[in-house]
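Below: the structure, in structure tokens.
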Number of protein chains: 2
Amino acid sequence: MASDSLPEKKRISESTIHRLSLYYRALSVLEKEGFETVSSKGLAKREKLTPAQVRKDLSFFGSFGTRGLGYPVVELREKISQILGIDRSWRVALVGVGNIGSALVSYKEFQKQGFKIVKLFDNDQRKIGSNHKGIVVSDIKNLANELELDNIEMVVVAVPATVAQYVVDDIVKAGIKAILNFAPVNLKVPDDVFLRNENMSMELEYLSFALVNDHIPKRVR
Amino acid sequence: MASDSLPEKKRISESTIHRLSLYYRALSVLEKEGFETVSSKGLAKREKLTPAQVRKDLSFFGSFGTRGLGYPVVELREKISQILGIDRSWRVALVGVGNIGSALVSYKEFQKQGFKIVKLFDNDQRKIGSNHKGIVVSDIKNLANELELDNIEMVVVAVPATVAQYVVDDIVKAGIKAILNFAPVNLKVPDDVFLRNENMSMELEYLSFALVNDHIPKRVR
DNA sequence: TCAAATATGTGAAATGCTTCACAAGAAAAT
DNA sequence: ATTTTCTTGTGAAGCATTTCACATATTTGA
């Protein structure tokens, strides 16, 4: 009988993905430092995790190590970059060239990881047409159109909370499936659109809670 | 016999604290919109959570609701602000007046929640002495000293990854117990210092992973 | 006043995530 | 060549978090 069951798509936890980012970072440093291999123990220590956790995380995606030796640094870094999809570059647009927005345009870390901000949008006439790091700011009126024309794959939203939903509605209309939102508001998007929120106050609030309650944190996220 | 057992300090999970931030935000909006009460269901809907989760989270800290009616908006917002320790203002210093640092100085959300940036530090002679939003940038050389003199309670680190550890060592020397780090590096601090990391690339990487793997996110953090 | 509807607070069940512990494989040492 | 050491990969156990389900309390409507 020919009926194969579909290959089970394992559910990978959010925490695991975030830790992959940490492993990637650590491996990049190890590579620069000239190490050829690293053990789960060594990797764990660099990011304040446990060796078991490292091994378990990696095991979801395959067997990359050699018993008795550890993991090959370069190879593992490359493998993780494939898993995360950062073994390529992404065309990113940024909406809202204010405080945060401007900072993000110049943020080296994004570029380094292949996230290329290639379009800027704002609704402020004084900003439209101005040049930020070689990119001319477009009028937000043409948002949906231009996102499509320019083959944008991800959009970063850095507009005031009050208008973020309208902006996101436009972005969704353009067929964009990945949005990173810096506005402190819960945005509604269809089920097939990936939305992540970056809430910078949250961690300060966590610190505040920790100080007031003399809370002992278990780990550092 | 007089030996009472110490009052058990329940361990509150990181997730619960982060959700308190969301509840706080939602309640602030509800208050502005004129609502006097809100149910766990209503609150959950605003932040894409479940009613049971809302009730469980709040139950760790007390009983704030009325059966058949819900929670009093103003009172609950105040209560949460007490729990999070944001029913007061915090004296915050920021080290590294670069892209991100400058943006954070002007970031309204921090001020709104009582996090007052009152000191700026940099090592760049061109920046030292310059004025950002009414604050004169100090020389990072005097970091430890000035932090103590000015009764700083939290420090935001927005320096390059390569120097972040040195900066943090100084901050720790000054007796600071709460640090928010924007540098993409794992910093070492003593056990009694609370360190949180804000890694802005991480969420983009998550989006990248989601697009490449057509991953269905369970919730939005 | 009473019934119906609403909504909390919370043990218990279910689910999810992390850590343990060890067999198995590979390298290093003798 | 053989033993010792090292380290992975992974079921299973342990722990933590979320969801369920319902007793209980309050409001609303008739």
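Below, chain A is the first sequence line, B the second, and so on; all start at residue 1.
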query = Within a reach of under 6.0 Å around CD of B:E75, are more than 12 heavy atoms found that belong to other residues, nucleotides or ligands?
reply = no
key: CD/B:Q82: more than 12 non-hydrogen atoms of other groups inside 6.0 Å   = yes
What is the distance, rounded to the nearest whole Å, between atom [atom1] of [X] and atom [atom2] of [N]?
| X | N | atom1 | atom2 | value |
| --- | --- | --- | --- | --- |
| B:F60 | C:dT10 | CZ | P | 11 Å |
| B:K48 | D:dT18 | NZ | C1' | 19 Å |
| A:L43 | D:dT7 | CG | C1' | 13 Å |
| B:F61 | C:dG9 | CZ | C1' | 15 Å |
| A:F64 | D:dG9 | CZ | P | 8 Å |
| A:K41 | D:dT8 | NZ | P | 10 Å |
| B:I12 | D:dT17 | CD1 | P | 10 Å |
| B:R19 | D:dT17 | CZ | C1' | 8 Å |

Which listed nucleotide ([options]) is nearest to the side chain of [X]?
| X | options | result |
| --- | --- | --- |
| B:S63 | D:dT7, C:dG9, C:dC20 | C:dG9 |
| B:S59 | C:dT19, C:dT10, D:dT10 | C:dT10 |
| A:T50 | C:dA7, C:dC22, C:dT19 | C:dT19 |

task = May I ask you to verify if any side-chain N or O of B:Q53 is less than 4.0 angstrom from the OP1 or OP2 atom of D:dT17?
result = no
note = d(B:S81 OG, B:K79 NZ) to nearest 0.5 Å is 9.5 Å
ask   = Mapping A:R55 and A:S15 onto DNA chain C by nearest heavy atom, which one lands closer to the 5' end?
value = A:S15
remark   = Per side chain to side chain donor-acceptor pair (under 3.5 Å), B:E47 is matched among B:Q53, B:R25, B:R19 by B:R25
ask   = side-chain contact (heavy atoms from CB on, under 4.5 Å) with A:L94: which of A:V157, A:L120, A:V118?
value = A:L120
ask   = Just one of B:L76, B:L49, B:V73 clears the side-chain contact (heavy atoms from CB on, under 4.5 Å) bar with B:L43, so which one?
value = B:L76
key: Aromatic ring pairing A:F209/B:F61, orientation class (parallel under 30°, perpendicular over 60°, tilted between)   = perpendicular
message = Please list, in numerical order, the residues of residues 66-77 of chain B that have a heavy atom closer than 4.0 Å to any atom of DNA chain D.
response = B:T66, B:R67, B:G68
key: Sugar-phosphate, base or nothing in reach of B:K56, heavy atoms under 4.0 Å   = base
request  = Just call it for A:S40: base, sugar-phosphate, or nothing, with non-hydrogen atoms closer than 4.0 Å on any strand.
outcome  = sugar-phosphate
